[in-house]
Amino acid sequence: MLNNNETITNPPSSPTMRNPMNPTTTNPTNMKKLEEEESTTTNPTNNNNNPTNKTTNEEHFVDNLAPQTKKTKLYEDIIPESEKFYNYYFNIQKIVETKEEMSKLIYTLQQPLPLTFRINDALPENLILQIKKQIENFKLELNKFYFNEKEKIIVTESEMLQEKSQQSQEGLQESLQKSQENNFVMLDILNLKDIDPLIYQVVPNISKKKIKNFNEFLKFRDFLIKLNDIGFVTRQELVSMIPPLCFTKKLKSQHNTLQENTLSQIYGYVDMCSAPGSKSTQMCEYLLQCQPNKFLICNDIDKKRLHTLNTNINNRMPYQLLSNIIITHHNAITLHQLLKNIPIYGIICDAVCSGDGTLRKSVDLWQRWNYDLGHVNHVNQISILVSAMNIILNANYSNNNNDTINNDNNNEKISDNGGHLIIKNNNKEEEMREIIYSTCSLNPIENEAVVSEAIRRTGNKFEIIPIEGLSGLKYKEGLVTWKVTDKFGNLLNSPNENNKTMFPKEEENKLLNLERTMRILPHLNNSGGFYVAKLRLKTENLVDSLQKKVKNKVYNSKDKNRDKNLIYFKKVNEEILKEIYNFYGLNNLDYNHFILQIQKDTNLSKLPKKIFYISNLYLVNYLLKNYNEESILPIKIYNAGIVCFELDNQTKRYFLTCQGATHLLPYLLQSTNVALPSANVASTLEEGLSAVSAMSASGNSDEGKNNNGVSTQLVKIKKEEMVSLLKNGKLLLEDNEKVQKEMKMGPCVLQCVELPNLVAIGNKINYNLIQLKTSKDDVEKLLTKLEYDYNF
């Protein structure tokens with residue numbers, strides 16, 4: 001960590017930086033335009049008064065290197081400098097101490113963002129190691145090339161040496177000058193393991209234009225795009241990855257034991273302002289960990305972005321991450337009025353902000369930046385954070401069963417369980433409820449002023465705690481005091497009714513430990529700008545929270561405000577489920593996991609088109625109780641759980657989806673039909689699946705099962721057959737009389753023998769022919785996994 005009086009001693013390898021405060025350089029006619037850059041993501045809109053206008057550092061799942069969209073000449077001609085910005089942050093707020101460091105900050109903001117990505121933490125260790133090895137191979141190839149920062153070209157090592165040899169033959173002075181100008185930087189893929197071992201960054205920062213014909217880089221880009229599409233990696237700006245990492249870390253070595261001992265205890269998490277979803281997907285990976293006793297609520301006020309949010313979340317792997325996720329559409333400011341009596345342990349509050357930390361990609365913000373830009377969302381930011389605090393305060397944990405985990409030291413930290421810390425104090429387990437507040441703004445009016453005011457408004461029941469486990473992340477400590485200006489940059493010495501919450505209460509702030517918060521400046525980590533604070537409910541307030549039960553406000557069926565587009569939930573008719581179970585031969589699976597999403601105008605006399613699956617029965621009961629035909633909470637739910645079965649209009653049969661089949665595979669897997677595996681492959685497969693097979697039990701009906709009491713609708717095929725099926729759309733069941741006779745006509749599941757977690761959906765249309773019924777998106781994902789031999 002860097003203190004405020006520390007500076008970076010190593011200047012960036014770049015042309016000489018301009019001082020934005022120098023009159024000869026701030027004049028647009030005298031400023032040299034940067035050559036290559038264009039924005040890589042959607043720019044913030046000018047309407048900062050709209051609380052739905054959320055500016056973040058997220059990559060929106062758009063590759064930095066994807067084909068560019070044409071920018072207007074006006075946008076490209078924007079000069080990335082602002083005298084006001086320099087004056088505000090250096091002379092007024094003093095977020096850095098020296099002109100040299102401020103110049104480095106400005107220079108970094110003028111450069112393109114590097115490509116940064118992370119591997120999905122929920123993947124099994126062997127698959128993570130496989131992906132890491134592939135990245136290492138790409139790294140070795142890229143290390144053979146260098147980027148000439150002056151000429152903005154990529155050269156080979158021999159070309160670089162030849163250039164340096166020519167320089168040595170010239171005069172000394174000219175050679176030194178040319179050497180400084182032609183600074184060669186090796187292309188590299190850095191593992192930022194001191195921040196998180198699964199995060200990587202590509203250096204140097206190269207424009208998309210400069211690599212469009214660079215085949216070695218394009219191969220790596222295509223690799224990342226494919227892995228992003230199947231949810232194995234996520235391309236995301238570095239600072240956007242920080243909030244989910246700030247939750248108290250879990251000890252993976254104790255993960256299995258904790259899962260067994262705490263299965264009856266429910267753990268909920270919330271992302272207050274979720275779209276487009278990169279932080280939410282990260283919470284899925286880091287916190288849910290496929291455990292059925294955990295769930296995540298992803299909320300956003302912008303209805304237009306909910307589809308993107310839902311798509312990005314449903315792109316995660318393993319699919320088991322997705323069955324306990326609810327996507328809601330509501331104003332985060334009043335979300336606490338609706339999320340009551342739910343055991344919420346962790347909340348990310350990535351609030352709407354001015355977004356001046358995103359200047360590296362939102363170049364037009366340089367023109368719009370003004371002294372009062374950070375004032376616009378200040379009130380909303382306080383309200384959103386206070387709402388998050390009230391969700392924790394109004395939560396009901398009394399139904400949770402806190403099993404004791406033995407430890408000799410009663411005051412010692414014993415484990416981290418999915419984002420909330422379990423400690424033992426006087427032989428009683430206490431579980432920490434945590435909130436991560438963040439913005440992509442550098443402004444203390446949007447950061448420290450918001451955090452301190454929110455703590456005061458909730459009666460100082462929350463405390464700021466240090467963020468641990470990010471040793472490789474460089475940052476500045478939070479400010480204890482700051483200045484407030486008007487829109488012209490004039491200092492305001494006394495507050496009024498409209499701005500009183502912006503002013504620091506210095507003595508109180510010292511007691512709040514605001515210095516424990518982080519201001520991440522772009523030049524420190526070659527990233528965007530960001531601010532993050534970690535808040536925890538104080539231990540003395542945990543008892544009140546456990547005993548508290550707040551009555552929910554509901555809309556009944558007579559309320560005029562009840563929107564026809566609101567979703568409510570209904571149990572699936574048992575006769576429908578019984579028919580599905582008998583057809584597929586499902587065993588030992590509670591009917592209560594299945595649920596219907598209904599709207600006011602849904603015709604209930606017809607067969608439901610989709611049947612949803614939620615593995616967390618607490619979540620199912622909560623939805624059925626609070627969102628039914630008689631009463632409904634005034635919050636719009638966009639989606640809950642996964643689509644498990646879809647009705648085929650022609651055959652009136654329910655087909656499993658790929659997500660559904662992945663979830664239900666343990667209940668189908670016994671000594672099922674095998675098409676054409678070799679003896680050694682079959683033996684290995686049966687050994688690997690022995691534990692899963694033990695989960696199934698014999699059902700109540702013989703229909704849908706062979707004489708061994710197992711499902712007939714699951715057939716295992718070899719890898720080459722799976723590829724042929726996916727590419728040609730059909731599969732002949734030649735030389736497999738058993739499958740031909742015992743498998744019923746209609747929906748079926750096809751499993752790859754070599755990669756047993758890869759399943760496709762088919763339709764048996766005659767005795768030896770199966771037609772592909774897998775969606776186009778799922779086909780592409782399966783082909784990618786088969787291409788790289790990915791299994792999990």
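Everything quoted here is computed from the prediction, not taken from an experiment.
- Residue I761 forms a side chain to side chain contact (heavy atoms under 4.5 Å, CB included) with just one option from S775, C658, P747, and that option is C658.
- K578 and N573 are not linked by any side-chain donor-acceptor pair at a separation below 3.5 angstrom, with hydrogens and angles left out of the test.
- Residues T308 and P276 form a side-chain contact, since some pair of their non-hydrogen atoms from C-beta on lies under 4.5 Å apart.
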Take Y591 and Y581 through the test ring pair (Phe, Tyr, Trp, His ring centres under 6.0 Å) and record every step on the way to the result. CA-CA 10 Å; Y591 280 178; Y581 274 47; 4.8 Å; yes
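- Side-chain N or O atoms of T602 include none that pairs as donor or acceptor with a backbone N or O of L604 at under 3.5 Å.
- R433 places no side-chain N or O within donor-acceptor distance of the main-chain N or O of I392, the cut-off being under 3.5 Å.
- Atoms CG and SG, on L664 and C644 in that order, are 4.0 Å from each other to the nearest 0.5 Å.
- Side-chain atoms of V779 and L772, non-hydrogen and from C-beta on, do get closer than 4.5 Å to each other.
- Remark: the backbone N or O of C298 is not paired with any side-chain donor or acceptor of D271 at under 3.5 angstrom.
- With no hydrogens or angles considered, a side-chain donor-acceptor pair links N728 and S724 at under 3.5 Å.
- Rounded to the nearest 0.5 angstrom, N315 CG and T234 OG1 are separated by 8.0 Å.
- Taking each heavy atom of D121 and E285 in turn, the nearest pair found is N-OE1, 3.5 Å.
- Here the CG-CG distance, from L782 to L750, works out to 10.5 Å after rounding to the nearest 0.5 Å.
- Side-chain contact check for Q659 and N314: at least one donor-acceptor pair (N or O, by modelled atom type) lies under 3.5 Å.
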Carefully, step by step, assess M722 and L786 under the rule side chain to side chain contact (heavy atoms under 4.5 Å, CB included). CA-CA 9 Å; M722 179 68 82; L786 289 164; 3.7 Å; yes
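- Taking the side chain as every heavy atom from C-beta outward, V620 and K571 never approach each other to under 4.5 Å.
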Hey, mind stepping through I348 and M272 against side chain to side chain contact (heavy atoms under 4.5 Å, CB included) and telling me if it holds? CA-CA 6 Å; I348 283 185; M272 300 280 286; over 6 Å; no
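- Between K279 and P244, the shortest heavy-atom distance links the atoms O-CG, 3.9 Å.
- With rounding to the nearest 0.5 Å, the separation of CD in E579 from CD in E574 is 14.0 Å.
- Considering all non-hydrogen atoms of both residues, K764 and Y767 come closest at CE-O, 3.3 Å.
- L665 approaches P756 most closely through the heavy-atom pair CD2-O, 3.7 Å.
- Shown here for K719 and E754, the closest heavy-atom pair between the two residues is N-OE1, 2.8 Å.
- By the 4.5 Å heavy-atom criterion applied to side chains, L335 and I297 are not counted as neighbours.
- The main-chain N or O of G641 is found under 3.5 Å from a side-chain atom of N639 such that the two form a donor-acceptor pair.
- For D648, the salt bridge (charged side-chain N to carboxylate O under 4.0 Å, His left out) criterion is met by K773, not counting sequence neighbours.
- Looking at T334 and Q337, their side chains come closer than 4.5 Å, going by heavy atoms from C-beta outward.
- Here the shortest heavy-atom pairing between L668 and L586 reads CD2-CD2, 3.7 Å.
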Side chains of residues 608-617: which donor-acceptor partners sit under 3.5 Å, not counting sequence neighbours?
from, atom 1, to, atom 2, distance (Å)
S615, OG, S323, OG, 3.0
S615, OG, N324, OD1, 3.0
S615, OG, N324, ND2, 2.8
N616, OD1, Y618, N, 2.9
N616, OD1, L619, N, 3.2
N616, ND2, P292, O, 3.3

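- Between the side chain of N120 and the main chain of A122, a donor-acceptor pair closer than 3.5 Å is present.
- No side-chain donor-acceptor contact under 3.5 Å links K570 to the backbone of N628.
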Tell me, with the steps shown, if E787 and K226 meet salt bridge (charged side-chain N to carboxylate O under 4.0 Å, His left out). CA-CA 10 Å; E787 177 185 353; K226 288 181 178 180; 3.1 Å; yes
Under the side chain to side chain contact (heavy atoms under 4.5 Å, CB included) rule, what do H663 and I642 come out as? Steps first, then yes or no, please. CA-CA 10 Å; H663 277 82; I642 64 159; 3.3 Å; yes
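- Ring-plane geometry between Y269 and F247 is classed as perpendicular, the angle between the planes exceeding 60 degrees on a 0 to 90 degree scale with a lower cut at 30.
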Can you check side chain to side chain contact (heavy atoms under 4.5 Å, CB included) on K785 and I230, steps first, answer last? CA-CA 8 Å; K785 294 170 196 172; I230 62 175; 4.1 Å; yes
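- A donor-acceptor pair shorter than 3.5 Å can be found between the side chains of N299 and T328.
- The six-membered or imidazole ring of Y790 lies near that of F232, with a centre-to-centre distance under 6.0 Å.
- Proximity of Y568 to Q599: side-chain heavy atoms (C-beta onward) are nowhere separated by under 4.5 Å.
- How far CG of L725 is from CD of Q771: 10.0 Å, rounded to the nearest 0.5 Å.
- In this structure, the side chains of Y638 and N310 come closer than 4.5 Å at one or more pairs of heavy atoms.
- For E780, the CD atom counts as densely surrounded, since its 6.0 Å shell holds more than 12 non-hydrogen atoms of other residues, nucleotides or ligands.
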Does the pair S278 and R118 meet the rule for a side-chain hydrogen bond (donor to acceptor under 3.5 Å, both in side chains), with working shown? CA-CA 11 Å; S278 59; R118 58 180 172 82; 5.9 Å; no
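- The structure places CZ of R305 at 9.0 Å from OG of S274, a figure rounded to the nearest 0.5 Å.
- For an aromatic pair to be called close, the ring centres must be under 6.0 Å apart, and F295 with Y267 fails this.
- Inter-residue side-chain proximity for M743 and I770 is flagged as met; some heavy-atom pair is nearer than 4.5 Å.
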